[in-house]
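Source: prediction; values computed, not measured. Chain naming here is simple, since letters A, B, ... match the order of the sequence lines and numbering starts at 1 in each.
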Amino acid sequence: MTAAAPKSFEGLPAEKWIDLYTVMMRIRQFEERIMPLLKEGKIKGTAHPSVGQEAVAAGVCGVLEPSDYIVSNHRGHGHCIAKGMKTAEMMAELFGKRTGSNKGKGGSMHIADLDQYIIGCTGIVGSGAPIAGGAALAAKMRNTGQAVVCFFGDGGINQGVVFEAMNMAAIWKLPVIFVCENNLYALSTPVDKMTALKQLADRAQGFGFPGHQIAGNDLRAVVRATREALHRARSGLGPTLLECKTYRWYGHSAMRPDTRAYRQREEELEWRERDPVALAEKELGKAGLLTPERIGQIQREVAKEIEDAIEFAERSPDPDLPEMFTDVYAPY
Amino acid sequence: MTAAAPKSFEGLPAEKWIDLYTVMMRIRQFEERIMPLLKEGKIKGTAHPSVGQEAVAAGVCGVLEPSDYIVSNHRGHGHCIAKGMKTAEMMAELFGKRTGSNKGKGGSMHIADLDQYIIGCTGIVGSGAPIAGGAALAAKMRNTGQAVVCFFGDGGINQGVVFEAMNMAAIWKLPVIFVCENNLYALSTPVDKMTALKQLADRAQGFGFPGHQIAGNDLRAVVRATREALHRARSGLGPTLLECKTYRWYGHSAMRPDTRAYRQREEELEWRERDPVALAEKELGKAGLLTPERIGQIQREVAKEIEDAIEFAERSPDPDLPEMFTDVYAPY
Amino acid sequence: MHTLSVAEAICEGLREEMERDPRVFLMGEDVGAIGGIFATSRGLLDKFGPERIRDTPISEASIVGHAIGAAVAGMRPVVECGGFVDFLALTMDQLVNQAAKLRYMFGGKGTVPIVVRAAQGSGVKLAAQHSQSLEAWFAHVPGLIVVCPSSPADAKGLLLAAIRNPNPVVFLEHKMLYFVKGDVPDGEGLERIGVAARRREGTDVTLVTYSLMAHRCQEAADLLGQRGISCEVLDLRTIRPWDREAVLASARKTHRLVVVHEAVKGFGVGAEIAATVMEEAFDDLDAPVVRLGAHDVPMPFNENLERETVPTVERIVEAVRKLA
Amino acid sequence: MHTLSVAEAICEGLREEMERDPRVFLMGEDVGAIGGIFATSRGLLDKFGPERIRDTPISEASIVGHAIGAAVAGMRPVVECGGFVDFLALTMDQLVNQAAKLRYMFGGKGTVPIVVRAAQGSGVKLAAQHSQSLEAWFAHVPGLIVVCPSSPADAKGLLLAAIRNPNPVVFLEHKMLYFVKGDVPDGEGLERIGVAARRREGTDVTLVTYSLMAHRCQEAADLLGQRGISCEVLDLRTIRPWDREAVLASARKTHRLVVVHEAVKGFGVGAEIAATVMEEAFDDLDAPVVRLGAHDVPMPFNENLERETVPTVERIVEAVRKLA
Ligand SMILES: Cc1ncc(C[n+]2csc(CCOP(=O)(O)OP(=O)(O)O)c2C)c(N)n1
Ligand SMILES: Cc1ncc(C[n+]2csc(CCOP(=O)(O)OP(=O)(O)O)c2C)c(N)n1
Ligand SMILES: [Mg+2]
Ligand SMILES: [Mg+2]
């Protein structure tokens, strides 16, 4: 940082913003790197990359306390990275290795780390919402001051349990933040055909709690809105719905790279212009928090970290066959 | 009717109002009569009487076309009567008799009559909503002009599929009217603890269609709101939520007659004051549509009908044991 | 010993466990003011207050979901979903795709100590949507534990075991048993999951059963005893894991088995037991294992039809007589 | 005859049936623009438009619910719920408490001609929430029909039968079979529900199977044939109702049976078949019926573990060799 750099910005210490930017870069590079690995078959199954949506994960998770919970969805790498998971463990998990965060038994759609208060990704769209509510209920009953973030998409917002969980959070004033990443499509299905609302944030009106639409590619806006929602949550005022408008750059998943059947090239290019990483660089640069040198340094550090993660994953052994039989039940 | 009686009232023919009143009386007497029969064990299982809520059933169903569908819930006798079912067949069903509307195989919670476009009562709270949506979808795809009414309670409004169905009706502009009978309690649970809304009608705001709160014990208000919603539905404008505020006079069900654990006597008495039948008598009397003589005559006619229905039910045979095995599959 | 109904025994178990362990709480529809649909939480609201005896909206899937989240976060929730097992159909994703698999998917991190209680069975004339017995669904799911007590002592003792178990337990009560009374030990009376109870020793035929049918089998065994047929009656009590050793040992002794449950026969628990006994004790069997279960129909409303849909004492007696 | 993959055969069946019958339509997540999660409706949006190839929100329970309502009102909906059978866990209430029981509860009035299609099975490294085989759940429910085709011809022929059937049909495809090619008759090629196909005649052992495992059984039978063991392979194709006669006839001929399915062994379809064969053909059996199914675990992600979780050709061969 140059000598003239401010100590804080938007009420947060300068280092915090550097951290958030670093997290965005980490997500970006992690996701960009796994795609060729998926094609090569080194990463098995599928994965849902979140490139283009980094500001949501970084901004939301960046202002949480370590002991706040998050519940993620199928597009969850970014959330997990932002909440503090080690990329090496995540990468090993994608490789299905014994050293993976889930011992190679979960894979991309189930990455989790309870030590980081990440209750996990889930492959059933919407299913995390009541689980998030339950964690929030536990926090409330025990008076721990924890908040819980529940991530889901514009598709997930129409799942029965998401509605139910919103209602339960509303009546019990649970410390939940419902973060809807509205990337305009649920797989191939455009959001404006799947609700009749002007904005998804209005969904909250049907439950009696506040909902806000946010420019999801604007790190600052995400941070601001999350802090406000967190304040509500911790004050016992209940849930908030944050609709973060964003866009996924690539296909729905590694298995479905093509988007042309349902998205226009122009729209894709337009959103590429609104690259959240570039936007953060610009904003934080303008605020005197980031210099091009620092950016370059972060990029290199992160690149090294991801390469190390890949090497770690490659080097790690597969789980032994008997691992198949463990962890079905906790011992009793 | 006296000579001075008007030919129409509120844009509906005078006879229509007499019919609606008669339907209310039929529901009232049907429900009042089955309660002792349940205690005696002549009617088997349970039943959820709708005494106190007659204006909703009569007012909503009274302005439907015969070919409009209704989907009811567990508290459905009134809906079925209002939509045109024969009380004798219903009574025989409650007795579990072969002559019952469902051959004695459904009972109170499953009374149905597809010939009357009654897709039926259901014992799973909320489950009728998507089924109603589906019937509406069929109507829309075939351009039949039919509308579909979906009845549920203040408890049912929090069931996942009810939310989902509201959303689907909104996006497809289905000709559905969601009629929420808000009788203030779901079994023992007060409505104001189970949503954080000022009024349930606001639920519709989360979906982008209109919702209205209505005095559910006021036949005229119910008729008016239903006609408006029907107009919307038939014009292709989509669904409406009608929250009809009402009250059940008795216990949740025959098996749970007692209410004292969750309702105050004062509240019960207050609502008895707002008896929808008495209110209709007063209103329609004032409008010159009903005289005390006519009321007496209707009461007697209905009483006779219900007695006949009971006699029919008593006289009817049980289904033969092999009936157990029929109707599991349609022949193929 | 003291005498309690099954409903009272469950209530006693809940109360004692909530007193013992502050992490335990009860959540579900109408569990508070009226003390539960089947009176299994009577008095608990007054004792523990609305935070720990928590009424919920009619949102079954999310009741289970909230239990999962609370459990992962360190609580020990017991939930009711409107009382009837039929409503658990609404919760299958949360129960099967989330609760049962979470620990495995997470590579052994995390536990989901929830108890999902529900009432099974027919006999109350509530027809097809309120009379099912669905234990076979849950039993097919690795990661779940499935319990079906038949007596007040077991209801309490197994409920304690279920609450203390670190895994998700589907705890299946029976509507017709709630008011059945029996002796309950004065201490905690903890029972072990996975252990069958031999209700009666016998030499000619083994009846393998559970829940309400355990009582019918006892009655049948009485009648059969009068006719000189000696029945051994095994009450499984737990369906997943079920007590293979006890069943196989009895099969090797009597050489004849009848499995009796109230659920639909086809693809029911009886099939697993019959198939396993055949696999493990084929040469010990003098006759094929007989299965009795409900006829292959939804539950009819009419009470005569309802009664005949599930195994009756007469049908059990007849099946055993044909076999012995 | 023409050659199609299973996915293409399904698509052809849908197209022909939609052309033939205006009541038929397809509804589900992503069935339109991308032609379905598993490419089973490719090109249909262009041909039939968005009313009849209808994309839905991610609201699985209500997709089935809407199908039920539309069916009762006279349509013939085919629905997909996000493609994977695992997501049908979200729909169990609509499927089991509504669709399967409606006609019965209504005393024989009304029919629910819906087809709920879903993909079962493992092999694609998607772990525990995307790899299940749940046919045993559906098979336990009177009122449902359950179909599990293994070839393109059956996929098409049985899909037509399912759509024309007036009852709710759960139509279970297999992810690993979508791209498997085979001959499909040039006419409609309608197949009958409830009839097994004898894929191979044999004399020593009968393999009873379906879906992907029908292929593994054929491979195993090839290998076993080389070692002088003659296997009969029965592909059930329909699980409810299943073809008891065909299985029993074969059991009476070979006196030895192995049931092979991908679903978890415990409380699976194999148990019903084994138990039934024992009941009906005990004296014809030279050995207990052997069951092969998945190990008692959620599906692990790692591909080695995944591969070993379900029956392999080697395990089938080994099981038959032990028996024969
Ligand atoms: C219950 C369920 N239904 C369907 C799917 C298949 N599926 C996976 S992701 C997805 C789209 C989700 O869209 P959205 O919630 O907007 O998240 P995004 O992928 O856009 O991040 C679908 C349909 C699933 N995994 N779970
Ligand atoms: C899915 C489901 N959960 C629970 C029940 C038990 N139950 C039957 S009626 C009822 C209350 C319904 O309340 P509401 O929707 O307000 O209708 P009301 O009884 O007041 O008419 C409950 C909880 C049920 N039948 N179905
Ligand atoms: Mg999206
Ligand atoms: Mg109510």
Side-chain angles (χ1 to χ4, degrees), chain C residues 60-61 86-98 100-101 104-105 127-129 132 134 136-143 239-240 259 263-283 285 287-291 294-301, chain D residues 60-61 86-98 100-101 104-105 127-129 132 134 136-143 239-240 259 263-283 285 287-291 294-301:
Chain C
E60 284 78 7
D86 314 71
F87 311 156
L88 293 190
L90 291 156
T91 74
M92 294 304 279
D93 174 60
Q94 291 293 327
L95 211 43
V96 171
N97 291 332
Q98 317 305 331
K101 297 178 174 45
Y104 191 83
M105 297 189 303
Q129 291 179 340
Q132 292 170 90
L134 297 174
W137 284 3
F138 309 117
H140 191 43
V141 179
I239 307 301
R240 172 178 267 271
V259 189
V264 165
K265 178 185 169 192
F267 303 90
V269 164
E272 179 64 28
I273 295 168
T276 302
V277 170
M278 171 163 55
E279 281 161 9
E280 305 287 328
F282 190 64
D283 294 329
L285 288 178
V289 176
V290 171
R291 293 180 290 155
H295 293 305
D296 204 39
V297 302
M299 194 60 64
F301 169 61
Chain D
E60 284 77 10
D86 313 72
F87 312 157
L88 293 191
L90 291 155
T91 74
M92 294 304 280
D93 174 61
Q94 291 292 327
L95 211 43
V96 171
N97 290 333
Q98 317 304 329
K101 297 178 174 45
Y104 191 83
M105 295 188 306
Q129 290 179 341
Q132 291 169 93
L134 297 174
W137 283 4
F138 309 116
H140 192 43
V141 180
I239 306 301
R240 172 176 268 269
V259 190
V264 165
K265 178 184 169 191
F267 304 91
V269 164
E272 178 64 29
I273 295 169
T276 303
V277 170
M278 172 163 54
E279 282 163 9
E280 304 289 326
F282 190 64
D283 294 330
L285 288 177
V289 177
V290 172
R291 295 179 288 155
H295 293 305
D296 204 40
V297 302
M299 192 60 64
F301 169 60

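Proximity to chain D (any heavy atom under 4.5 Å) is shown, for C/Ala127, by neither the backbone nor the side chain. Heavy atoms closer than 4.5 Å to chain D are found in both the backbone and the side chain of C/Ala136. At a 4.5 Å heavy-atom cutoff, the contact between C/Val96 and chain D is made by side-chain atoms alone. Both the backbone and the side chain of C/Met278 come within less than 4.5 Å of a heavy atom of chain D. Heavy atoms of C/Ile239 lying under 4.5 Å from chain D belong to its backbone as well as its side chain. Within the 4.5 angstrom heavy-atom criterion, only side-chain atoms of C/Val141, from C-beta onward, approach chain D. Heavy atoms closer than 4.5 Å to chain D are found in both the backbone and the side chain of C/Thr276. Contact of C/Gln132 with chain D is made through the side chain alone, with heavy-atom distances under 4.5 Å. Of the two parts of C/Leu285, the backbone and the side chain both hold a non-hydrogen atom closer than 4.5 Å to a non-hydrogen atom of chain D. Residue D/Ala61 does not touch chain C at all, counting heavy-atom pairs closer than 4.5 Å.
The two atoms that bring D/Tyr104 and C/Pro298 nearest to each other are CE2-O, 3.3 Å, heavy atoms only. Across all non-hydrogen atoms, the minimal contact from D/Pro142 to C/Val264 is CG-CG2, 3.8 Å. Scanning both residues, C/Ala274 and D/Ala275, for their nearest heavy atoms gives CB-CB, 3.8 Å. Taking every heavy atom of both residues into account, C/His140 and D/Ala263 meet most closely at NE2-CB, 4.0 Å.
Using modelled atom types, one finds no donor on one side chain facing an acceptor on the other under 3.5 Å when comparing D/Asp86 with D/Gln129.
Side-chain contact between D/Phe138 and D/Arg240: absent, with no pair of heavy atoms (C-beta onward) separated by less than 4.5 Å. Put simply, the side chain of C/Trp137 does not reach to within 4.5 Å of the side chain of C/Phe267, judged on heavy atoms.
Ranked by non-hydrogen atom pairs under 4.5 Å with chain C, the options D/Ala271, D/Gly266, D/Ala287 are led by D/Ala271. Here D/Met105 is the residue among D/Gln94, D/Met105, D/Met299 with the most heavy-atom pairs under 4.5 Å with chain C.
Under a 4.0 Å N-O distance rule, the pair D/Glu279/C/Lys265 qualifies as a salt bridge.
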